[in-house]
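Beneath this line is the structure, given in structure tokens, with notes to follow.
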Amino acid sequence: MPAEESESRPLGAPLVVLGIETSCDETAAAVVVRDGAGRGRILSNVVRSQLAEHRPYGGVVPEIAARAHVECLDAIIRTALDEAGVTLDGLSGIAATAGPGLNGGLVVGLVTGKALALAAGKPFVAVNHLEAHALTVGLTEGLEPPYLMLLVSGGHTQTLLVEDVGRYRRLGTTIDDAIGEAFDKTAKLLGLGYPGGPEVEKAARSGDATRFPLPRPLVGRAEPHFSLAGLKTAVRQRAEAAAPLSERDVSDLCAAFEAAVCDVVVDRVGRAMDLVEPAFPSGAPRWLTVAGGVAANKSIAAALAKLAAGRGYRVSVPPAALCTDNGAMIAWAGAERLARGLVDDLAFAAKPRWPLDPDAPAAIGAGVKA
Ligand code: KG4
Ligand code: ZN
């Protein structure tokens, strides 16, 4: 990629940034370098998942999450710095997730990041977790905006047009459950383990997707939003009608659920593509990027690949470890902001709700996740 300065990729001195992530159930820290040409390199990326702590409850328990972050964050930062071979003095800045996410966890990472910045006399960057997911392809592929982004995790389901660093247009969002959340709840009601996504995917592999008809909520609607709660309820009703469930019943229900989610995703992302069409310069490659834990689902990935090919898009999905929550994406978003002179005050407060596009109109019927 040519090292020319562009509006979206300013040149400058190399930046070494520590990133801290504590917004949900991963405690993570990483060190990333952004070189003078605006290219990124990961020096260290340390993630401690709290899955074991939350598994007995079938979901993330905010108080347990916050306490677990407190217990291990300092050691994780130490390891990230050691593995990168840098000291606090050698950093250009410190970035921490300030939202959106669970307040208790956000406060732990944010206070730690600010304290380190203050003690070391370094600039502090408060990072929006969604922005970090959205910019990861710049770190992994050197991809520059504009591109279309689908974020599908346990807490978020959104399509975004990434216009530039700091400029995002939210297209679709979920009006109820996130897709990962729907996988988790479906798994729970079918007696499968947590997290539900991989369990449902495994069970679906041997299932018949046509045996239990399920709805495709919002398919065909002009607004590109998502709705998953009704689908999960329909699975519950089918499961109750077929109880007691055999292993085959569970597989068939999982296959039907996964097929319905694929149809919904393809239709909704297709609709987002209709809306962003004018944003792409004619003749330039159009990119669809995917982030979040649900990106690991092979059926959804295949359905998206087919959609993209049919619509003339290329698809870029970061490696799984950078698709799910991690510190490298926070460090990289911090570096991208720092390169543009965007630094935050140490008074910056955690924002459990922090939409990337504050001007996006609320989805009709939207619940708390919108
Ligand atoms: O991005 P992520 O690791 O973290 C948070 O949301 O915090 O996403 C986790 C979500 C969970 O809901 C999990 O069930 C889902 O991603 N997930 C999957 C798969 N692997 C993880 N969903 C469907 N299929 C999968 N293979
Ligand atoms: Zn995330």
Side-chain angles (χ1 to χ4, degrees), residues 1-2 4-12 34 37-40 95 97-100 125-153 156-174 222-226 268-292 295 304 307-308 311-318 322-323 329-330 332-344 351 354-363 370:
M1 188 160 300
E4 288 155 9
E5 181 154 22
S6 67
E7 194 200 333
S8 60
R9 179 143 303 171
L11 301 176
R34 184 188 186 278
R39 286 175 295 235
T97 306
V125 186
V127 170
N128 182 308
H129 181 93
L130 304 175
E131 177 170 49
H133 274 303
L135 298 180
T136 301
V137 281
L139 169 65
T140 58
E141 311 279 335
L143 200 66
E144 292 192 42
Y147 50 84
L148 178 61
M149 149 106 191
L150 170 68
L151 173 60
V152 274
S153 70
H156 304 282
T157 299
Q158 297 198 347
T159 42
L160 289 167
L161 175 64
V162 178
E163 294 174 324
D164 198 355
V165 173
R167 246 185 37 230
Y168 309 93
R169 207 169 105 208
R170 197 215 68 203
L171 304 156
T173 183
T174 178
E223 280 192 315
H225 299 312
F226 295 80
R268 306 290 66 208
V269 174
R271 184 63 196 132
M273 286 173 169
D274 295 341
L275 296 176
V276 296
E277 213 78 354
F280 292 104
S282 66
R286 295 163 186 203
W287 284 95
L288 168 67
T289 76
V290 191
L304 283 170
L307 168 73
R311 299 284 298 253
Y313 277 73
R314 299 182 194 175
V315 184
S316 171
V317 185
L322 297 172
C323 256
M329 70 178 190
I330 305 303
W332 174 249
E336 286 283 73
R337 294 186 70 82
L338 213 49
R340 290 158 178 81
L342 300 170
V343 173
D344 293 292
K351 296 187 189 185
W354 187 4
L356 259 192
D357 175 1
D359 301 327

Query - H133 side, atom NE2; Q158 side, atom CD - distance, nearest 0.5 Å - result: 10.5 Å
Query raised in the report: Between the main-chain N or O of T173 and the side-chain N or O of H225, is there a donor-acceptor pair closer than 3.5 Å?
Result: yes
Query raised in the report: Counting distance only, does the side-chain N/O of R167 pair as donor-acceptor with the main-chain N or O of L161 below 3.5 Å?
Result: no
Query - Interatomic distance, M149 atom CE to L143 atom CG [nearest 0.5 angstrom] - result: 11.5 Å
Report task. Give a yes or no on whether the backbone of G138 and the side-chain of W332 come within a donor-acceptor separation of less than 3.5 Å. Result -> no
Query raised in the report: Below 4.5 Å, heavy atoms only, C-beta onward: do L356 and N128 meet side chain to side chain?
Result: yes
Query raised in the report: What's the spacing between L171 CG and M273 CE if we round to 0.5 Å?
Result: 11.0 Å
Query raised in the report: Which heavy-atom pair separates R271 from A222 by the least distance, and what is that distance?
Result: NE-O, 2.5 Å
Requested in this report: Starting from the C-alpha separation in whole Å, work towards a yes-or-no answer on side-chain contact (heavy atoms from CB on, under 4.5 Å) for R286 and E277.
Outcome: CA-CA 9 Å; R286 295 163 186 203; E277 213 78 354; 2.8 Å; yes
Report task. For the residue pair P100 and P355, establish whether any side-chain heavy-atom pair is separated by less than 4.5 Å. Result -> no
Report task. For the pair Y147 (side chain) and A134 (backbone), establish whether a donor and an acceptor sit closer than 3.5 Å, ignoring hydrogens and angles. Result -> yes
Query - Pairwise side-chain contact, R34 with L338, heavy-atom cut-off 4.5 Å (strictly under) - result: no
Requested in this report: Kindly give the heavy-atom pair with the smallest separation between V315 and W287, and that separation in Å.
Outcome: O-CZ3, 3.8 Å
Requested in this report: Measure the CG-OG1 distance between L322 and T136 for me, rounded to the nearest 0.5 Å.
Outcome: 6.5 Å
Report summary line: Between V125 and the options L342, D344, I330, the side chain to side chain contact (heavy atoms under 4.5 Å, CB included) test singles out D344
Query - CZ on R311 to CG on L288, rounded to 0.5 Å - result: 11.0 Å
**Report entry** Heavy-atom pair of closest approach, residues T140 and V137
**Finding:** OG1-CA, 3.4 Å
Query raised in the report: For the side chain of T159 and the backbone of V269, is there at least one donor-acceptor N/O pair under 3.5 Å apart?
Result: no
Query raised in the report: Atom CZ of R39 and atom CD of E141: how far apart are they, to the nearest 0.5 Å?
Result: 14.5 Å
